[in-house]
Amino acid sequence: MSALAATMTAYAHEPADTTWIENAEKVVIVTSDTTQQIQIIGQKGDSNFRLEKKVPINTCKMHKDGCDKYRAWKPYFDFGVGVNTPLNVSDGYGFATFRSWEIYVGFRWGYTPEKALQTYSIGLWADWKNYGLSTDKMLVKDGDGVTFLTDYPAGATHRHSRVKIFSLAVPLLFHQKLGRNSKCSFAIGPVVNFNLRGRLNSEYDMGDAEQQMSIKDIGYRPVTIDLMAMFNYKTLGIYCKFSPMTVFKKDKGPQFKSLTFGLCL
C-alpha cells in the first residue's frame, strides 16, 4: 500500500496530503478520461475506515507519443499541370489545345476549425501559361504594341508560335471533405493572377539553321481572375480553371478566354 500512497501523491502533486494505509481490506479504482477515483475500505485495526480521493490524470503522459495540440492552421504544397483550351478566339486566330498548357507550383495555408470538415485556404503560386497557335502564321507586335499575325519567312519549316504569360497567383479556396473518414474532398474559389511577364515566342527552321524570336512588352492584362474547382482523392486530384477575362487588353491583341483541365497534387 506504500506504492498506492506514492501514486496518489504523484497524481495530486500534494506531498502534504500523503496518507499511509496498511493492509487495506478493499481498494476500488475508477478511471475516466480526465480523473481517477480511488476508494479504500477498511485497514489494519479499523474495519470502518473509509477514504475516497479524486485526482486529475494527464492522459498525454499515458501514451508513448504524448498528445499533440490541435493545429487549426496547416501548410500545403501545391503542384499542377494542365492543358489550356482558348475560348471565344478572335477571327483568324487558331490556338491548339495540346500546344497550350499551364504549370503552377506553390504553397497554401489552410484553416480548419476543430472537428470541422471545411477548410479555408490562401496561398501563393508561381504560374506559367502558354497559348500555342495551330495556324501557319506567327505572332508579332507593331509599333503601337498591338499583337497581330503575320506570315513566316518563305521556306520556313518546323514552325511554332505562342503567347507566354508568367504570373504570381493568389488562390482563395474553400475545401469540403465528403465525410469525417472520407479520403475525398473538393475545393472551389477564385485565383487572382498578378501577371508579371508576357512574351511572344516564335521558332522556325530555315534550312539547317534554327531561328528563335522573342518579343516582350506585349499588351497583356496585369491582373486577371480565374475560377477554379478541384476534386481530390488523398493527395492526387484533378482541377478545372475558367478564365472569364481575356489575356490581352482591348485593342492590344487577339481577344480570347481559356478553360484549363489538369492534374494536381
Side-chain angles (χ1 to χ4, degrees), residues 68-88 95-132 162-201 216 218 220-248 256-265:
D68 293 328
K69 184 178 179 180
Y70 178 76
R71 294 184 302 159
W73 287 93
K74 293 183 181 179
Y76 298 90
F77 170 76
D78 294 317
F79 174 78
V81 58
V83 292
N84 293 323
T85 302
L87 305 172
N88 304 115
F95 287 93
T97 297
F98 291 100
R99 290 185 184 179
S100 304
W101 49 266
E102 174 191 55
I103 295 176
Y104 69 84
V105 62
F107 294 90
R108 279 181 300 112
W109 279 96
Y111 173 75
T112 307
E114 191 169 3
K115 298 182 180 180
L117 300 180
Q118 298 79 29
T119 298
Y120 310 88
S121 70
I122 184 172
L124 183 65
W125 295 342
D127 189 290
W128 294 265
K129 293 184 177 75
N130 280 257
Y131 304 95
R162 62 183 62 85
V163 181
K164 302 183 74 172
I165 304 290
F166 171 73
S167 311
L168 287 180
V170 178
L172 302 164
L173 301 178
F174 167 78
H175 304 254
Q176 175 69 55
K177 287 186 66 176
L178 301 186
R180 191 160 302 280
N181 298 318
S182 176
K183 298 177 182 178
C184 298
S185 64
F186 69 88
I188 56 173
V191 179
V192 182
N193 304 293
F194 297 94
N195 303 314
L196 303 181
R197 186 177 66 187
R199 292 179 182 269
L200 306 175
N201 283 7
K216 60 182 181 179
I218 60 177
Y220 60 87
R221 293 183 183 272
V223 179
T224 54
I225 298 176
D226 299 336
L227 304 178
M228 188 172 191
M230 292 190 293
F231 180 83
N232 291 85
Y233 175 73
K234 294 184 178 179
T235 59
L236 181 63
I238 57 176
Y239 78 92
C240 173
K241 271 208 275 187
F242 173 61
S243 302
M245 303 177 68
T246 58
V247 174
F248 286 91
F256 64 92
K257 306 169 185 179
S258 67
L259 183 66
T260 306
F261 293 94
L263 300 175
C264 58
L265 298 175

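Residue indices begin at 1 and follow the sequence shown. Since this is a predicted model, take the numbers as computed values, not measurements.
Under 3.5 Å, the side chains of Asn84 and Ser258 contain no donor-acceptor pair of N or O atoms. Side-chain contact check for Asp78 and Trp125: at least one donor-acceptor pair (N or O, by modelled atom type) lies under 3.5 Å.
For the pair Asn130 (side chain) and Ser100 (backbone), a donor-acceptor distance under 3.5 Å is absent. Remark: the backbone N or O of Thr246 is paired with a side-chain donor or acceptor of Arg221 at under 3.5 angstrom. Of the possible polar contacts, one joining the Arg180 side chain to the Lys115 backbone as a donor-acceptor pair under 3.5 Å is found. Side-chain atoms of Ser182 come within 3.5 Å of backbone N or O of Cys184 as a donor-acceptor pair.
The OG1 atom of Thr119 sits 8.5 Å away from the CD atom of Gln176 when rounded to the nearest 0.5 Å. Separation of atoms OG1 (Thr224) and CG (Asn193) is listed at 4.0 Å; rounding is to 0.5 Å. With rounding to the nearest 0.5 angstrom, the CG atom of Leu236 is 6.0 Å from the CG atom of Leu265. One distance of note links CG of Asn181 with CG of Leu178; it measures 12.5 Å at 0.5 Å rounding. Distance OG1/Thr112 to OH/Tyr120: 9.5 Å, rounded to 0.5 Å. Distance CZ/Arg162 to CZ/Arg99: 8.0 Å, rounded to 0.5 Å.
Taking the six-membered ring for Trp and the full ring otherwise, the centers of Phe231 and Phe186 sit at least 6.0 Å from each other. Ring centers of Tyr239 and Tyr104: under 6.0 Å apart, within the cut-off.
Inter-residue side-chain proximity for Lys177 and Lys183 is flagged as unmet; no heavy-atom pair is nearer than 4.5 Å. Side chains of Asn201 and Arg199 form a contact here, defined as non-hydrogen atoms less than 4.5 Å apart. Side-chain contact between Ile238 and Phe261 is absent, with no heavy-atom pair separated by less than 4.5 Å. Put simply, the side chain of Phe77 reaches to within 4.5 Å of the side chain of Val105, judged on heavy atoms. Contact annotation: the side chain of Met228 never approaches that of Leu172 to less than 4.5 Å [non-hydrogen atoms, C-beta and beyond]. Residues Ile225 and Met245 have side chains in contact (heavy-atom distance under 4.5 Å, counting atoms from C-beta outward). No side-chain heavy atom of Val83 sits less than 4.5 Å from a side-chain heavy atom of Thr260. For the pair Cys240/Leu259, a side-chain contact is recorded, criterion being any heavy-atom separation below 4.5 Å from C-beta on.
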For a salt bridge (charged side-chain N to carboxylate O under 4.0 Å, His left out) check, start with the C-alpha distance between Asp127 and Lys241, then their side-chain angles and the critical distance, and finish with the verdict. CA-CA 13 Å; Asp127 189 290; Lys241 271 208 275 187; 3.4 Å; yes
Report the C-alpha distance between Ile103 and Phe79 in whole Å, list the side-chain angles of each, state the deciding distance to 0.1 Å, and finish with yes or no for side chain to side chain contact (heavy atoms under 4.5 Å, CB included). CA-CA 8 Å; Ile103 295 176; Phe79 174 78; 4.0 Å; yes
Go through Val81 and Trp101 one step at a time and tell me if the side chain to side chain contact (heavy atoms under 4.5 Å, CB included) criterion holds. CA-CA 7 Å; Val81 58; Trp101 49 266; 5.8 Å; no
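Taking all atoms of both residues into account, the shortest heavy-atom contact from Ile188 to Ala229 is CG2-CB, 4.1 Å. Nearest heavy-atom pair, Val223 versus Phe194, reported as atom, atom and distance to 0.1 Å: CG2-CD2, 4.0 Å. When all heavy atoms of Lys257 and Ser243 are compared, the pair lying nearest together is CB-O, 3.1 Å. In terms of heavy-atom proximity, Tyr111 sits nearest to Trp73 at CD1-NE1, 3.4 Å.
Annotation: cation-pi pair Arg108/Tyr76 present, NZ/CZ under 6.0 Å from the ring centroid and within 45° of its normal.
Between Trp128 and Phe166, the ring planes lie tilted relative to each other; the angle falls in the 30° to 60° range.
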